Visitor: 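First the structure, then my questions, so here it is.
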Amino acid sequence: MNYNFSEIEKKWQDIWDKKESFKAINGGDKKKYYVLVEFPYPSGSGLHVGHVRSYTALDSLARLKRAQGYNVLFPMGWDAFGSPAELYAIKNKVYPANMVKDCIGTFKSQIKSLGLSFDWSREFATTDPEYYKWTQWQFLEFYKEGLAYKAEKEINWCPNCKTGLSNEDAAGGVCERCGHATTKKLKNQWMLKMSAYADSLIEGLKDTEFLDKIKTAQINWIGKSIGAEVDFKLKDTDDLLTVFTTRCDTLFGVTAMVLSPEHEYLEKYKDKISNYDEVVKYQEEARQKSEIERTDMTKDKTGVKIEGLLAINPVNNEEVEIWISDYVLSSYGTGAIMMVPAHDERDYAFATKYNIPIIHVIANKDSKEETGVYIGDGLHINSGFLDGLNKEEAIDKMIEFLEKNKVGRKKINYRLQDWIFSRQRFWGEPIPMVYCSKCGWEPVPENELPVILPDVPSYEPTDNGESPLSTVEDWVNTTCPKCGGPAKRETDTMPNWAGSSWYWIRYMDSKCENGIADMDAMKYWGQVDLYNGGMEHATRHLLYARFWNQVLFDRGIVPVREPFKKRVAHGMILGENNEKMSKSRGNVVNPDDMVKNYGADALRTYEMFIGDYSKDASWSENGLKGCKKFLDRVYRLQSKLNDSEEYSKELESDIHKTIKKVTNDIETMNYNTAVSALMILLNSYDKMDCITRKDYRTLLHLLNPIAPHITEEVNEICKLGTPFTESPWPEYDENKMITDSYEIGVQVNGKLRASIEVTADEDKETIKGKAFSNENIKKYIEGKEIVKTIIIPNKIVSIVVK
RNA sequence: GCCCAUGUGGCGGAACAGGUAGACGCACAGGACUUAAAAUCCUGCGGGCUUUAAAUCCCGUGCCGGUUCAAGUCCGGCCGUGGGCACCA
C-alpha cells in the first residue's frame, strides 16, 4: 500500500488555507488560549531543523487546544531589522528591503510545507512601516514618561561593527553581532531607564510560571545586592567620597580607598594630585584595554596611589590613602570602594602587592593566627562598638550608626544598567527625535509617524561613529516641531530588540491603525499563555520584553503587567556527530530535503520523538526513517478495518489509557512519550486480526496534532468521520481503563522472587494467599519466621522473613 | 568561586506520587518471504556465572554512605559533564 505523501500534504495544506481553519477570532464564547513561538529572523540560509522542532511542538499543542474547544491564537511574523540583512546590503550595495522580502518568502513557503497551523491573517514584519510606526510611537511614550533620555556615558563599543551596544549585547566583553572584543567609549546615547524597573522585574517573576533556570538567569542578571553607602570625607575639601559596600560591618578594617580610573574626582582635583601625570597614564591604559582584558581575573592587579588626596573614615576619623585601579568598575555602585584587605580577596591581592596595611576585624573561627584573608563569619574584633558581634548584628548596628550620624545609609544596588538604545547602524527603526539648537531634543509629532527609514548612499558604518543616516542631508535637515526653526533628525537607529519587545501585542490586532492594538483585543487575549524560545534570550529579549510591557502597563496602554504566563525553552538539535550544526562543520541538515524524502509528517513525528523537548538532541536520519516506518504502518492498518463503530473489547482499555496519556503528554510537552504511547498502541492493533472503525479513528485522531496530513487523509479515505480540524478531541473513561487481571511482583526481603497474576476484584488476603503458595516464593520463606507482609494492590507484594 | 541543570545498555531515551529498571525507537545479529535485492514480517539483544546451556542465581541507573519491607527516584558527602553569572565591592 503505497501513498504519495507529498501530494497528500499539499492537498491538506491547501484545504486548511482555503477554509481558514486556523484563523483566530477576537472574542466569542470559547475560552482563549494564546500560544507563541519566537518569530524568526528571516536569514538567507533558510529554515533550520531546530525551527521545525519548536514550531511543531507548539503546533501540536495548538491543534490539541483547538480540538478541546479553545479559541487558539497561534501567530507568526518576522523579526527583520538587524545585522544579517544589513551585512547583505553592504556587500551587494542594495536596499535591504527586497532581500528581506525574498527571505520572508522562502521562510514562509518552508514553514507552510510543514503544515503548521499558524494564523497567517495576522502576519507582519518588524520592518513594515505600519509596524515600526508604533515601535516609534512607543519610544515616545518612554520619552514622555522620562524613561528615555540621551546621555553621555561610557558605553560598550564594538570597534568592528562601529556601534554602541547594550550590556546585554556585550555580555562577557564580546560583541553579540560579530564576536569581536568590545571596548568602552564615551558617547552620547539614547538610554531606556531599565534600572528603574529592576525590582519590578524581579517581583514580576513571582506571577509567572517560567522555568526555574530562566527565572534564575534573570535574577542573576539583575543582580540585586543589599548593602550600604558610606560617606568618607575628602580631606581638605567639602566633598564626600561615597562608596557602596555589602559589608559595612568591616569599616574598622578599611586601610585604603580605591577609585575606578574613570572617577570624576580625579579630574576635579587634578591640581591637588601631585602625581597627576601617572594617573592620566593609567587612565589611558585602562581605556585602551578591551573588556575581556580588563576583567580577566587571572591577571595581576595594577593601580596607582593618588598623592595629595586622603579620605577620612567616618567611624574612627582616621586618614585613609586613596588609589585608583581598574578592578573597580565605574558602572557599578559609586565607582569607588573602601578597601578591607583582611576580608576581601581582591583587596587582599591588591594590598599585598602594594604594601597596604591589613587590619583584621573578624576573628577566624578555625584559626588563632591572623594571617591572610578571611571571608568567613565570626565575631568582630578591633572594631570599637562592634566588638563581639557576629556579621548580621554588626551590619545592623553599623547601619544604625551611619544613619544616626548622617555618614551613610542602607542602600540596594543592582547590576542591571539602563538599556543603551542607540545604534550607529543603518538597518533599524529611526529614533523619532529632532534636535533644535534652540529647543533641544523634541519628539517628532505623532501625526508625522512613522519616520520612514530613507535609502542611503552607503550602508556601511562610518569611521566617525555616526550612523550612515547622517549622510542623507535632506532627511537629516528638518524643522523643529516646537519653534519651526531649522533642526536635525536623530540619525541613530533602534537596536534589533526594539521590534521584538512588543510583537506579541500586535498579533492580537495586527491591522490596528489607531494604536498598537485595540484595548478590547488586548483585554480579550490577555497574557500569552505559553511562550517558547531559546535559552539565549533569557536575559535579553525576555528581559527587554518584560520591561517594555511593564512600562506600557504603568502608562495604561496594555491591560496586563506580565506579558507571558509561562515560558519554556527547547533544546538544540545537534548534528549527527553531536556537535552544533554549522556550515563549517558540514553537519547541517536541511529540513526541505527531509520533507521531500520522508514527508513533513515523518519529520514532525521524528522531531517530537527525538527526546526530551527541553534538552539538546542529536540528529539521526535512521531515527527519522523509523518514524516514517511507523506512519507507513499506521497507513497500512486500513486493510484490517471491519465495519464496527465501537471499540474492540480487547483494545478498549489500552485505547482509553492512550487517550489519557497522549492528551497529558502534549499538554505537558512530553512529546517523545506521546509518540511512544502511540507506537505501543499501534503494536497492539497490529497483533489483532481486524480492528474497528472507531479503534482506527481514535488512533488517527490522537496522532493528528503531530502528523496532521496523513491522519486527515486516511480518515477521509476510510470515511471514518469529519476532518479532525473540525472534530472534538477524543474522551477517555477512567472506568474503562481497568483491566481484568494484571501481574504484580513478589519480593522477599527486598528482592524480586516471583511475579503473580492477580484479578482486579481480588482482596489483599487472596493476593497474599497466591503469593505464599507460589513455588519460588516457598523456597525463600520455608522454615523462616514471617516478620511482615506488605501488599499494595496494583504495585507489589513484599514479604520480610527472618 | 557562586547559581541552575544533568549523569540509566552500543545509541536516542522510558520509569506516574519510593513499588517488577531499561518502555518505545535506532543500530546490530539470526530467521521467513524473494531467483536476488529492497520493502515487509518473526525472534534475540545490560553484564556475569570464564571452553554445552540455562534459570525468578548473582551484579547492575557516576562514586561512597544513610533512611526504608522496598531507592534510578528521598537524605548527606564526593566526582564528572553542560549552561548562566563573575574583579559587581
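These numbers were taken from a predicted model, which means no experiment stands behind them. Heavy-atom basis, side chains included; hydrogens, waters and symmetry copies ignored.
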Visitor: At their closest point, which heavy atom of A:G303 faces which heavy atom of A:W323, and how far apart are they?
Guide: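 Scanning both residues, the minimum pair turns out to be C-CE3, 4.3 Å.
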Visitor: Are any protein N/O atoms closer than 3.5 Å to N/O atoms in nucleotides 54-56 of chain B? If there are, list each pair with its distance.
Guide:
| unit_1 | atom_1 | unit_2 | atom_2 | d |
| --- | --- | --- | --- | --- |
| B:rU56 | O2 | A:R753 | O | 2.6 |
| B:rU56 | O2 | A:N776 | ND2 | 3.2 |

Visitor: Between A:K764 and A:P793, is there a donor-acceptor pair closer than 3.5 Å when you use the side chain of the first and the backbone of the second?
Guide: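 A pair under 3.5 Å: no.
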Visitor: With sequence neighbours left out, what residues match A:I786 under side-chain contact (heavy atoms from CB on, under 4.5 Å)?
Guide: A:F772, A:I781, A:T789, A:I799, A:V801
Visitor: Given atom CZ of A:F630 and atom P of B:rC26, what is their separation to the nearest angstrom?
Guide: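 Spelled out: CZ on A:F630 to P on B:rC26 is 11 Å.
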Visitor: Pick base, sugar-phosphate or nothing for A:V787, based on heavy-atom distances below 4.0 Å to the nucleic acid.
Guide: nothing
Visitor: I need the CG-C1' distance between A:N220 and B:rG83, as an integer number of Å.
Guide: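 Rounding to the nearest Å, CG of A:N220 and C1' of B:rG83 are 12 Å apart.
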Visitor: The criterion is side-chain hydrogen bond (donor to acceptor under 3.5 Å, both in side chains); which residues satisfy it with A:Q747, sequence neighbours excluded?
Guide: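 Not a single residue meets the side-chain hydrogen bond (donor to acceptor under 3.5 Å, both in side chains) criterion with A:Q747.
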Visitor: Return yes if a side-chain donor-acceptor contact under 3.5 Å exists between A:E229 and A:T242, otherwise no.
Guide: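 A:T242 and A:E229 do not have a side-chain donor-acceptor pair below 3.5 Å.
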Visitor: Taking O4'-C1'-N9-C4 for purines and O4'-C1'-N1-C2 for pyrimidines, is B:rG9 syn (within 90° of 0) or anti?
Guide: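 B:rG9: syn glycosidic orientation.
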Visitor: If a protein heavy atom is under 4.0 Å from the base, mark B; if only from the sugar-phosphate, S; if neither, -; do that for nucleotides 12-19 of chain B going 5' to 3'.
Guide: BSS----B
Visitor: Expressed as a whole number of Å, how far does the P atom of B:rC79 sit from that of B:rC69?
Guide: 32 Å
Visitor: Would you please classify the geometry between the A:H541 ring and the A:W497 ring as parallel, tilted or perpendicular, with 30° and 60° separating the classes?
Guide: parallel
Visitor: Base, sugar-phosphate alone, or nothing: which one does A:G626 contact when heavy atoms must sit under 4.0 Å apart?
Guide: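 Sugar-phosphate contact only - A:G626 comes under 4.0 Å of backbone atoms but never of a base.
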Visitor: May I have the distance from A:Y332 (atom OH) to B:rC85 (atom P), rounded to whole angstrom?
Guide: 16 Å
Visitor: Using heavy atoms to find the nearest nucleotide of RNA chain B for A:I799 and A:K751 separately, return the residue whose nucleotide is more 5′.
Guide: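 The 5'-side residue here is A:K751.
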Visitor: Checking all strands, does A:K625 fall into the base, sugar-phosphate, or nothing category for heavy-atom contacts under 4.0 angstrom?
Guide: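 Counting heavy atoms under 4.0 Å across all strands, no contact is made by A:K625.
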Visitor: What I want to check is whether the side chains of A:S620 and A:N622 have a donor and an acceptor closer together than 3.5 Å.
Guide: no
Visitor: Contact class for A:I680 (heavy atom, under 4.0 Å): base, sugar-phosphate, or nothing?
Guide: sugar-phosphate
Visitor: Represent RNA chain B in dot-bracket notation, 5' to 3'. Only Watson-Crick or G-U wobble pairs with both distances under 3.5 Å count; pseudoknot-style crossings use [ ] and interstrand partners use |.
Guide: (((((((..(((......[....))).(((((.......))))).(((........)))..(((((..]....))))))))))))....
Visitor: Would you mind classifying the nucleic acid contact of A:I219 as base, sugar-phosphate or nothing, using non-hydrogen atoms under 4.0 angstrom?
Guide: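 A:I219: no heavy atom of the nucleic acid under 4.0 Å.
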Visitor: Rounding to the closest angstrom, what is the interatomic distance between B:rU20 and B:rG13 at atom P?
Guide: 23 Å
Visitor: Report, as a single string ordered 5' to 3', how protein heavy atoms within less than 4.0 Å touch nucleotides 38-47 of chain B: B base, S sugar-phosphate only, - not at all.
Guide: --SS------
Visitor: Is the shortest side-chain N to carboxylate O distance from A:K184 to A:E262 below 4.0 Å?
Guide: no
Visitor: Is A:K628 positioned over the aromatic face of A:Y598, cation under 6.0 angstrom from the ring centre and no more than 45 degrees off axis?
Guide: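 No, A:K628 and A:Y598 do not form such a contact.
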Visitor: To the nearest Å, give me how far apart CG (A:D344) and P (B:rA86) are.
Guide: 18 Å
